[in-house]
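Throughout, a chain's letter reflects where its sequence line sits, starting with A, and its residues are numbered from 1.
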Protein chains: 2
Amino acid sequence: MSTTEQAEPAPRRRRGRPGYDQPAILRAAIDLFNRRGYDATSMGDLAKELGLTKPAIYHHVTSKEQLLGLALDDALDELTAVVTEASRERAGVGAYERLREVVRRSVEVLVAHQPSVTLLLRVRGNSEVELAALERRRWLDDRLAALVAEAVAEGALRDNVPPALVSRLLFGMVNSLVEWYRPDGAYDPVMVADAITTVAFDGLAKHEA
Amino acid sequence: MSTTEQAEPAPRRRRGRPGYDQPAILRAAIDLFNRRGYDATSMGDLAKELGLTKPAIYHHVTSKEQLLGLALDDALDELTAVVTEASRERAGVGAYERLREVVRRSVEVLVAHQPSVTLLLRVRGNSEVELAALERRRWLDDRLAALVAEAVAEGALRDNVPPALVSRLLFGMVNSLVEWYRPDGAYDPVMVADAITTVAFDGLAKHEA
């Protein structure tokens, strides 16, 4: 309750090391989960990584599972928004166009949320939180397969590969980028999205026009 | 040392539960590593899973890391053989043809060795064994990118996507099948290989002939 130096704004009082709020703890947790595996990482490991005490972490989050849930929601909320928008019928916009769009926008989400999407893609269903995430992933897969089927039905895509398989392969290719994409690497997200749509829709082989 | 019932072949004497040799222990270990994560799995967990004592397991393997090494070698030896064969120049067989061949044969390896390839694709480099596996993966990636570049150079593939990026996407699509392929599911390996080569080389969009 000092009254000296009132010209300067009083610094907020903090305990322990300053600078950690819930988003910062979440970022560090996602990074650690991706490096060591979620099941092999303890809240003690996370505290050590951050140079905090465990009570200091529990001031911001209730459990390791809450951190996992927040991370998976971060990835799933973005992907759900993209897929929901692409699934919405719009006058004058065919399914094929919306499919190309969802591929491009998924690449943007994967690049912007690479750590949380990486974690999402490694979820194996070992807890309630993971099972709920797998359920949301299944919904996305089903919507994407339905969109491929629509694009086949409107005559834009070849019909000799099952739509569900096409959807697996297309998004298998998109999802692979969490494994190899580097923000400081040779490719920007636009280049990657262009390459994926070129490979998947136009094919790599040179076609006779 | 009973001499009775000599007409029947004498059963081999075993201690503990019968039926476990090193390959069987390795299969169980790979399955457990894939479900829980390698770092989160202990030799005690593996013993419990198998209904064996830890000493009974150590009769067959020296360490958890040896099991990981054997699993990664199982996947890498097969993939290396496929890529080495595809990289070998042969009279009358162009790079494009060899690239299509390596895609098909990779699908076969992934299906036949799905558990060990799944483990390989999740390796993060947390130990000497994992770093050695990542080094071998890099060699495979480099050879595949070189093969794509050769196919571009011979004029068979479009030249507006960088060969290293094409290789990432192509094998990102192939590798994705460890996540969703089920041996008892709707697709057999030939169908998956056909679909991948169709998508990647010919493209999904209907082309004017």
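Of the atoms belonging to Y96(B), it is side-chain heavy atoms, and not backbone ones, that fall under 4.5 Å from chain A. Residue contact with chain B, scored on non-hydrogen atoms closer than 4.5 Å, is absent for A186(A). The contact between V199(B) and chain A is made by backbone and side chain atoms together, counting heavy-atom distances below 4.5 Å. Of the atoms belonging to V166(A), it is side-chain heavy atoms, and not backbone ones, that fall under 4.5 Å from chain B. Within the 4.5 angstrom heavy-atom criterion, only backbone atoms of A156(A) (N, CA, C, O) approach chain B.
Qualifying side chain to side chain contact (heavy atoms under 4.5 Å, CB included) partners for D141(A), counting only residues two or more places apart in sequence or in other chains: R168(A).
With values rounded to the nearest 0.5 angstrom, N175(A) atom CG is found 12.5 Å from N175(B) atom CG. The distance from the CG atom of D202(A) to the CG atom of N160(B) is 9.0 Å, given to the nearest 0.5 Å. In this structure, OG1 on T197(A) lies 11.5 Å from CG on L204(B), to the nearest 0.5 angstrom.
Residues of residues 109-135 of chain A lying under 4.5 angstrom from chain B, judged on non-hydrogen atoms, are L121(A), R122(A), R124(A), N126(A) by number. At a heavy-atom separation below 4.5 angstrom, chain B is approached by F33(A), N34(A), R35(A), R36(A), G37(A), D39(A), A40(A) within residues 32-46 of chain A.
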What pairs of donor and acceptor atoms, side-chain ones from residues 51-58 of chain A against any protein atom, are under 3.5 angstrom apart with sequence neighbours left out?
| unit_1 | atom_1 | unit_2 | atom_2 | d |
| --- | --- | --- | --- | --- |
| T53(A) | OG1 | A56(A) | N | 3.2 |

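Minimum interatomic distance between S176(A) and G172(B) (heavy atoms only, all atoms of both residues): CB-CA, 3.4 Å. Pairing each heavy atom of Y187(A) with each of L165(B), the nearest pair is OH-N, 3.4 Å. Scanning all heavy atoms of the two residues, the minimum distance from V161(A) to A195(B) falls at CG1-CB, 3.6 Å.
Side-chain N or O atoms of R158(A) include one that pairs as donor or acceptor with a backbone N or O of G203(B) at under 3.5 Å.
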